[in-house]
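Following: one structure in structure tokens, then a few remarks.
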Amino acid sequence: MVWLSLLIFAGTLILVVWQPRGLSIGYPAVGGALLALATGIVTMADVGEVTGIVWNATISLVGIIVISLILDEIGFFEWSALHMARLAKGNGRLMFMYVILLGTLVSALFTNDGTALILTPIVLAQVRALKLQPQMVLAFVMASGFIADTSSLPFVVSNLVNIVSADYFGIGFAEYAARMLLPNLFSVAGSLLVLFLYFRKSIPRRYETSVLREPREAIRDVRMFRLSWLILAVLLTGFFASEWLDIPVSLIITGAALVFYLTARRSPAIETGRILKGAPWVVVIFSIGMYVVVWGLHNAQLTEVVRGWLELFAAHGLYAATLGMGFVAAALSSLMNNLPTVMFDALAIQGSGAEGIVREALIYANVIGCDLGPKITPIGSLATLLWLHVLNNKGVRITWGQYFRTGIVLTVPTLFITLTGLYLTLRIFG
């Protein structure tokens, strides 16, 4: 059973990453889940349990992407990027920092996938308009891709991984934010530091701002642009109220997305049909299918291996538990993708018997490892695969070897800094 469950998982993941003949990621995930059912590795009861865990996360992601796509059609993100470029006043290093900070805000509110899908092509268009050299363009593109995941910690909705973990352990929006805001600041600061050090020779000293459009020129519908600020305010308020009202965040997100979409239908500047077509409906199928396959690994007792490691880390104190869990999650995410990893590790944590502050450390370190760790390899996260696909369509080709050499150098120190931030947070407020 162990080898069969490993073979099914490996085969499913290979097909998801490879996508032969443009095969959608949903098909291999469903195929793997059906094969696991047919071989008895999982049962229909397991499928029901998995669906109950991941439905909120997947529906939330679809809703946020719909909102992001409407904002993109309005010109909201391009308006923001142009403001950042002009705010730097021709200083290349300042613009590099502002691009990272813009990516931080977008990831926090619109998920890492939103940053990969929407902000990256806008950043690429802006730096190309400045007629920068290829290595300079690559520096900005890599920075926007890296920050998409490393800054997706602060809120439950910032990453699909966060929602799955929060739902599994019953963590509310405000409770999660209180624990993760400080580690996210450590992550952003660490990301800024390692990105500046790594790309310091590729960042332009100066650039010419006169070639850039005025930010107001990017706005395609002024009325919708003004409405977008109200939608964002309602969303942020609703996120925190969801814990008090005891309702899933997906209900708030889909409600806001529906209102925004119906309003957008009356705008002559927005193609709502294209927005619905561009929404990641396949992620719903992919998530459920992939998690069913991972449940098969759990049924084969493979989570017991990780549980043994966690107990060993916990025996050496809080800091060892935090670092150990974070780096194990990062390594597994790099090898088997962060979406199945967060569930796999959550099952191990649940069975570890850890209590109190150590249990908290394991839960949040798992999230950090699954958010940041995937940047080591191209297959680590769905956001990275989407990011590479977007860049390839825009004529920017990054090989897997090139990505790995950059990813491991950037990720390891940033992960260490962020996990240390979590340890300090738990020590101070835990």
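Please read all numbers here as calculations on a predicted model, not as lab measurements.
Judged as a salt bridge (Lys or Arg N to Asp or Glu O under 4.0 Å), and not counting sequence neighbours, the contacts of Arg86 are Glu214. Judged as a side chain to side chain donor-acceptor pair (under 3.5 Å), and not counting sequence neighbours, Ser68 has no contacts. For Ala320, the side chain to side chain contact (heavy atoms under 4.5 Å, CB included) criterion is met by His316, not counting sequence neighbours. Every residue was checked against the side chain to side chain donor-acceptor pair (under 3.5 Å) condition with Ser80, not counting sequence neighbours, and none meets it. In this view, Leu35 and Ile8, Thr39 satisfy the side chain to side chain contact (heavy atoms under 4.5 Å, CB included) rule, not counting sequence neighbours. Scanning for side chain to side chain donor-acceptor pair (under 3.5 Å) contacts around Tyr176 gives Asn162, with sequence neighbours left out. Scored by the side chain to side chain contact (heavy atoms under 4.5 Å, CB included) test, Ser210 finds Glu208 as partners (sequence neighbours excluded). Residues forming a salt bridge (Lys or Arg N to Asp or Glu O under 4.0 Å) with Arg223 (at least two apart in sequence, or on another chain): none. With sequence neighbours excluded, the residues forming a side chain to side chain contact (heavy atoms under 4.5 Å, CB included) with Val30 are Leu34, Ile285, listed by chain and number. Take Glu73 and apply the side chain to side chain donor-acceptor pair (under 3.5 Å) test, not counting sequence neighbours, and it matches Arg274.
Using a 4.5 Å heavy-atom threshold, the side chains of Met290 and Thr12 count as touching. Residues Phe416 and Thr420 have side chains in contact (heavy-atom distance under 4.5 Å, counting atoms from C-beta outward). Ser187 has its side chain within reach of Thr414: a pair of non-hydrogen atoms, C-beta onward, lies under 4.5 Å apart. With contacts defined as side-chain heavy-atom distances shorter than 4.5 Å, the pair Val164/Tyr291 qualifies. Side chains of Ser165 and Ile363 form a contact here, defined as non-hydrogen atoms less than 4.5 Å apart. Within the 4.5 Å cutoff, no side-chain heavy atoms of Met180 are placed close to those of Pro154. By the 4.5 Å heavy-atom criterion applied to side chains, Tyr261 and Ile67 are not counted as neighbours.
Listed for the Tyr207 side chain is a donor-acceptor partner under 3.5 Å among the backbone atoms of Ala85. Without hydrogens or angle criteria, Arg200 side chain to Leu197 main chain gives a donor-acceptor distance under 3.5 Å. Under a 3.5 Å cut-off, the side chain of Tyr364 and the backbone N or O of Thr322 do not form any donor-acceptor pair. Using a distance-only test at 3.5 Å, with no hydrogens or angles considered, no donor-acceptor pair links the side chain of Asp345 to the main chain of Asn366. A distance-only check finds no donor-acceptor pair linking the side chain of Ser267 to the backbone of Ala264 [under 3.5 Å]. Put simply, the side chain of Thr377 gets close to the backbone of Ser334: a donor and an acceptor are under 3.5 Å apart. Counting only distance, with no hydrogens or angles, the side chain of Ser144 and the backbone of Val141 share a donor-acceptor pair below 3.5 Å.
Summarising the geometry of Gly32 relative to Val293, their closest heavy-atom pair is C-CG2, 3.5 Å, with the distance given to 0.1 Å. Taking every heavy atom of both residues into account, Phe260 and Met224 meet most closely at CE1-CE, 3.5 Å. Nearest approach of Phe239 to Ile253, heavy atoms of both residues: CE2-CG1, 3.5 Å. The minimum heavy-atom distance between Tyr198 and Arg405, with the atom names listed, is OH-O, 4.4 Å. Nearest heavy atom pair, residue Ala88 against residue Leu94, reads CB-CB, 3.8 Å. Nearest heavy-atom pair across Ala269 and Asp221 is CB-CB, 4.3 Å.
Summarising the geometry, atom CD belonging to Gln402 is positioned 9.5 Å from atom CZ belonging to Arg397; distances are rounded to the nearest 0.5 Å. To the nearest 0.5 Å, atom OG of residue Ser381 and atom CG of residue Leu372 are 10.5 Å apart. In this structure, Leu415 CG and Leu419 CG are separated by 4.5 Å, a value rounded to the nearest 0.5 Å. If you take CH2 on Trp387 and OG1 on Thr120, they are separated by 7.0 Å, rounding to the nearest 0.5 Å. Between the CG atom in Leu82 and the CD1 atom in Ile122 there is a gap of 9.0 Å [rounded to 0.5 Å]. From Trp295, atom CH2 reaches atom CG of Leu347 across 5.0 Å, with rounding to the nearest 0.5 Å.
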side-chain contact (heavy atoms from CB on, under 4.5 Å) between Phe344 and Leu302: does it pass, once the steps are laid out?
CA-CA 9 Å; Phe344 188 78; Leu302 289 172; 4.1 Å; yes
Report the C-alpha distance between Phe76 and Trp229 in whole Å, list the side-chain angles of each, state the deciding distance to 0.1 Å, and finish with yes or no for ring pair (Phe, Tyr, Trp, His ring centres under 6.0 Å).
CA-CA 10 Å; Phe76 185 91; Trp229 291 100; 5.2 Å; yes
Between Val222 and Arg216, does a side-chain contact (heavy atoms from CB on, under 4.5 Å) hold up when you go through it step by step?
CA-CA 9 Å; Val222 175; Arg216 65 176 178 273; over 6 Å; no
Begin from the C-alpha positions of Val292 and Thr51 and carry the test side-chain contact (heavy atoms from CB on, under 4.5 Å) through to its verdict.
CA-CA 9 Å; Val292 168; Thr51 304; 6.0 Å; no
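Under 3.5 Å, the side chains of Arg213 and Gln126 contain no donor-acceptor pair of N or O atoms.
Just one residue in the list Thr384, Thr406, Asn338, Thr150 forms a side chain to side chain donor-acceptor pair (under 3.5 Å) with Lys375, and that residue is Thr384. Remark: of the listed residues Thr341, Asn337, Val342, Asn337 is the sole one forming a side chain to side chain contact (heavy atoms under 4.5 Å, CB included) with Leu339. Checked against Ser152 for a side chain to side chain donor-acceptor pair (under 3.5 Å), the options Asn184, Asn159, Thr111 give a single hit: Asn159.
Other residues, nucleotides and ligands contribute only 12 or fewer heavy atoms inside 6.0 Å of the CZ atom of Arg93. Within a 6.0 Å sphere centred on CZ of Arg206, heavy atoms belonging to other residues, nucleotides or ligands number more than 12.
Ring orientation note: the planes of Tyr423 and Tyr319 are tilted relative to one another, at an angle of 30° to 60°.
Phe155 has its ring centre less than 6.0 Å from the ring centre of Phe173.
Counting only residues at least two apart or on different chains, the side-chain hydrogen bond (donor to acceptor under 3.5 Å, both in side chains) pairs with a member in residues 303-312 are His298-Thr303, Glu304-Arg307, Arg307-Glu311.
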Which donor-acceptor pairs under 3.5 Å do the side chains of residues 99-108 make with protein atoms, sequence neighbours left out?
residue : atom : partner : partner atom : Å
Thr104  : OG1  : Ile100  : O            : 2.9
Ser107  : OG   : Gly103  : O            : 3.2
Ser107  : OG   : Thr115  : OG1          : 2.8
Ser107  : OG   : Ala148  : O            : 3.0

